[in-house]
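For reference, the structure discussed in these notes is given below.
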Amino acid sequence: MQRKPVILFTVLVLLFIVGLSSFRSSHNNYWKLNVPTVSLDNHPNLRDPSLPPAWQNTTRAKAAFVILTRNSELDALRKTMQQLEARFNHKFNYPYVFLNDEPFTEEFKLLTQGLTKAKTEYGLIPHEHWSYPDWIDVEKADRLRKQMGENGVIYGDNLSYRHMCRFESGFFFRHPLMTKYDYYWRVEPSVEFSCDLDYDPFLFMQENNKKYGWTISLLEYESTIPTLWQTTRAFMKEYPELIPEENLMKFVSNNNGDTYNLCHFWSNFEIGDLNFLRSKEYMTYFEYLDKAGGFFYERWGDAPVHSIAVGLFLNKSEVHFFDDLGYRHEPFMHCPISRELQKKCHCNAEDNFDFTVYSCMNRWIEATK
Ligand SMILES: Nc1nc2c(ncn2[C@@H]2O[C@H](COP(=O)(O)OP(=O)(O)OP(=O)(O)O)[C@@H](O)[C@H]2O)c(=O)[nH]1
Ligand SMILES: *[C@@H]1O[C@H](CO)[C@@H](O)[C@H](O)[C@H]1NC(C)=O
Ligand SMILES: *[C@@H]1O[C@H](CO)[C@@H](O)[C@H](O)[C@H]1NC(C)=O
Ligand SMILES: *[C@@H]1O[C@H](CO)[C@@H](O)[C@H](O)[C@H]1NC(C)=O
Ligand SMILES: [Mg+2]
């Protein structure tokens with residue numbers, strides 16, 4: 001009779017030890033991460049609390065959120081906008097530009113306007129920016145697309161996805177509603193923002209001569225871009241004068257440009273300089289790729305296209321890793337690891353994508369050290 005409590009006690013002790021050691025090991029993993037040493041000195045999101053908050057300064061950049069979306073994504077987008085407003089924009093009030101290949105409905109306009117005090121603008125994409133250019137062999141494109149679908153490539157047999165990737169690669173920054181802006185922040189329906197951003201990232205970009213900002217980097221599916229790198233190499237050979245000596249080639253290639261290592265910044269989030277995309281360098285590159293036809297004959301994504309352009313044309317001081325931004329686009333998320341930054345967040349840093357095998361964080365560290 002006396003033994004039962006003893007057994008119960010032993011079991012409880014064992015459970016406690018097992019629980020404690022698994023807690024410790026996950027905690028240990030967390031500290032074992034090869035954490036990049038993002039300096040917290042003068043970190044813009046850790047402003048001296050005795051100073052007035054940054055948004056009280058009324059200086060703003062010429063900047064906007066740009067959201068390519070369909071009417072059917074309204075509810076997913078409202079959830080995203082609510083978080084973006086709560087975490088950042090109710091303080092800074094940057095305008096929104098919504099773009100669509102079909103006219104936005106009145107309901108879409110009403111229910112997005114209702115979520116912000118900032119200006120909202122709604123644009124229709126010109127037909128030439130969302131259709132086959134005349135040099136594309138449509139039958140060949142149809143045939144290759146079907147084949148890619150049969151091979152099980154994600155979005156392999158999807159034409160609208162290709163128009164979307166081409167539009168995001170070469171046209172959104174030239175839309176008439178965008179011409180008055182210098183900087184953009186790309187947003188998609190369903191993404192989540194989990195940290196307070198208490199400074200102006202656009203002014204940060206402008207004042208620090210940053211041209212491209214990102215928060216998640218990863219490896220591309222090779223089957224979507226079989227000839228993208230050989231086309232890029234042909235471009236570099238034809239236009240050597242457009243490639244600066246100091247660039248970020250090391251981020252996209254492990255062998256000095258011989259082959260592409262598939263690393264790219266995940267372009268569903270970007271904060272960038274529109275004038276970089278409108279530059280002679282970028283436009284020449286985009287048009288070269290567009291003529292080669294890979295947006296339709298293959299399935300070139302805007303993420304590898306933007307990222308390779310960043311690798312060719314920008315140097316490490318012009319590209320910014322927004323470590324402080326908690327961000328999720330399924331199935332991956334980024335969450336800052338430093339405790340000080342985490343105090344502004346609700347994400348769990350242990351779920352970070354950054355040091356998993358598909359991430360290119362280590363490559364970024366290598367390329368920028
Ligand atoms: N207007 C419009 N927007 C589109 C279309 N296809 C995609 N988009 C938008 O383009 C962006 C990227 O499309 P997604 O379907 O999210 O593509 P993805 O992020 O590669 O894939 P997911 O993993 O499915 O999110 C999103 O903001 C979409 O709302 C389209 O046919 N018309
Ligand atoms: C407001 O911000 C601008 C841009 O960063 C800066 O030049 C200016 O000095 C700031 N004004 C004040 C009063 O801090
Ligand atoms: C094409 O891809 C989009 C996502 O960009 C998706 O919403 C749509 O359902 C797909 N269409 C087809 C026919 O698979
Ligand atoms: C990066 O490029 C900018 C603009 O061309 C230049 O001012 C800067 O000195 C370069 N920095 C490095 C580290 O090469
Ligand atoms: Mg998406």
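All residue numbers in this chain count up from 1 along the given sequence. All values below were derived from every heavy atom in this structure, side-chain atoms included, with hydrogens, water molecules and symmetry-related copies excluded. Note that ligands are numbered from 1 as they come in the structure, with each ligand's atoms numbered from 1 the same way.
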Check: Should Tyr155 be counted as touching ligand 3, given the test is an N or O pair under 3.5 Å?
Finding: no
Next item on the list: Report, in ascending order of atom number, the atoms of ligand 1 lying under 4.0 Å from any heavy atom of Pro189.
Entry: 27 (O), 29 (O)
Note to self: At less than 4.0 angstrom from any non-hydrogen atom of Glu73, what atoms of ligand 1 do you find?
What the structure shows: 28 (C), 29 (O)
Next item on the list: Measure from the side-chain N and O atoms of Trp229 to the backbone N and O of Gly257, and report whether any donor-acceptor pair falls under 3.5 Å.
Entry: yes
Next item on the list: Among all protein heavy atoms, pick out the one at the shortest distance from atom 12 (C) of ligand 1; state its residue, atom name and that distance to 0.1 Å.
Entry: Glu188 OE2, 3.1 Å
Item checked: With Leu219, the side-chain contact (heavy atoms from CB on, under 4.5 Å) member among Ser359, Cys360, Pro304 -> Cys360
Next item on the list: For Thr69, counting its heavy atoms only, list the atoms of ligand 1 lying under 4.0 Å from any of them.
Entry: 1 (N), 2 (C), 3 (N), 29 (O)
Check: Can you list the atoms of ligand 1 that are under 4.0 Å from a heavy atom of Ser160?
Finding: 31 (O)
Checklist line | Asn209 N/O under 3.5 Å from ligand 4 N/O | finding: no
Notebook entry, point to check: With a 4.0 Å heavy-atom cut-off (strictly under), which part of Arg70 contacts ligand 3: side chain, backbone, both or neither?
Noted result: side chain
Check: So, for Phe204 and His320, is the gap between ring centers shorter than 6.0 Å?
Finding: yes
Notebook entry, point to check: Among side-chain atoms of Gln342 and Arg339, is any donor-acceptor pair under 3.5 angstrom?
Noted result: yes
Checklist line | Nearest non-hydrogen protein atom, atom 2 (O) of ligand 4 | finding: Asn315 ND2, 2.3 Å
Next item on the list: Please determine, by modelled atom types, if Tyr288 and Glu238 share a side-chain donor-acceptor pair under 3.5 angstrom.
Entry: yes
Next item on the list: Evaluate salt bridge (Lys or Arg N to Asp or Glu O under 4.0 Å) for Glu318 paired with Lys316, printing each intermediate quantity in order.
Entry: CA-CA 5 Å; Glu318 296 170 303; Lys316 63 181 180 185; over 6 Å; no
Item checked: Ring center gap for Tyr282 and Phe313 short of 6.0 angstrom -> no
Next item on the list: Say whether Asn100, considering both its backbone and side-chain N or O atoms, lies within less than 3.5 Å of an N or O atom on ligand 1.
Entry: yes
Next item on the list: Using a distance threshold of 4.0 Å (strictly less than), state whether atom 9 (O) of ligand 4 has a protein heavy-atom neighbour.
Entry: no
Notebook entry, point to check: If we ignore angles and hydrogens, is there a donor and acceptor under 3.5 Å between the side chains of Asn268 and Tyr327?
Noted result: yes
Notebook entry, point to check: What atoms of ligand 4 come within less than 4.0 Å of a heavy atom belonging to Ser317?
Noted result: 1 (C), 11 (N)
Item checked: Winner among Tyr161, Trp130, Tyr155, Phe98 once heavy atoms are compared against atom 20 (O) of ligand 1 -> Tyr161
Notebook entry, point to check: Among all protein non-hydrogen atoms, which one is nearest to atom 6 (N) of ligand 1, and what is the separation to 0.1 Å?
Noted result: Arg70 NH1, 3.4 Å
Check: Do Arg47 and Asp198 pass the salt bridge (Lys or Arg N to Asp or Glu O under 4.0 Å) test, and can you show the C-alpha distance, the side-chain angles, and the key distance before you say yes or no?
Finding: CA-CA 8 Å; Arg47 189 180 167 90; Asp198 291 328; over 6 Å; no
Check: If you measure only the distance, is there a donor-acceptor pair under 3.5 Å linking the side chains of Tyr94 and Asp200?
Finding: yes
Item checked: Proximity of Glu318 to ligand 4 by residue part, where a heavy atom lies under 4.0 Å -> side chain
Next item on the list: Look at atom 13 (O) of ligand 1 and say which protein heavy atom is nearest, naming residue and atom and giving the distance to 0.1 Å.
Entry: Met164 CE, 3.5 Å
Notebook entry, point to check: Which residue and non-hydrogen atom of the protein lie closest to atom 9 (C) of ligand 1, and at what distance in Å?
Noted result: Leu68 O, 3.4 Å
Note to self: Between Asp196 and Lys343, does any NZ, NE, NH1 or NH2 come within less than 4.0 Å of an OD or OE carboxylate oxygen?
What the structure shows: no
Notebook entry, point to check: Going by the atom numbers of ligand 4, which of them fall below 4.0 Å from some non-hydrogen atom of Glu246?
Noted result: 14 (O)
Check: SG of Cys335 to SG of Cys345, below 2.5 Å?
Finding: no
Next item on the list: Say whether Arg186, considering both its backbone and side-chain N or O atoms, lies within less than 3.5 Å of an N or O atom on ligand 1.
Entry: no
Note to self: Would you say atom 5 (O) of ligand 3 makes contact with the protein, given that contact here means a non-hydrogen protein atom less than 4.0 Å away?
What the structure shows: yes
Next item on the list: Using a strict 4.0 Å cut-off to heavy atoms of His329, name the atoms of ligand 1 that fall inside it.
Entry: 19 (O), 22 (P), 23 (O), 25 (O)
Checklist line | Output field: ring centroids Phe295/Phe286 closer than 6.0 Å | finding: yes
Notebook entry, point to check: Do the cysteine sulfurs of Cys347 and Cys195 sit under 2.5 angstrom from one another?
Noted result: no
Next item on the list: Starting from atom 32 (N) of ligand 1, locate the nearest protein heavy atom and write down its residue, its atom name and how far away it is, to 0.1 Å.
Entry: Asp101 OD1, 2.8 Å
Check: Which protein non-hydrogen atom lies closest to atom 14 (O) of ligand 3, naming both residue and atom, and how far is it?
Finding: Asn158 ND2, 3.4 Å
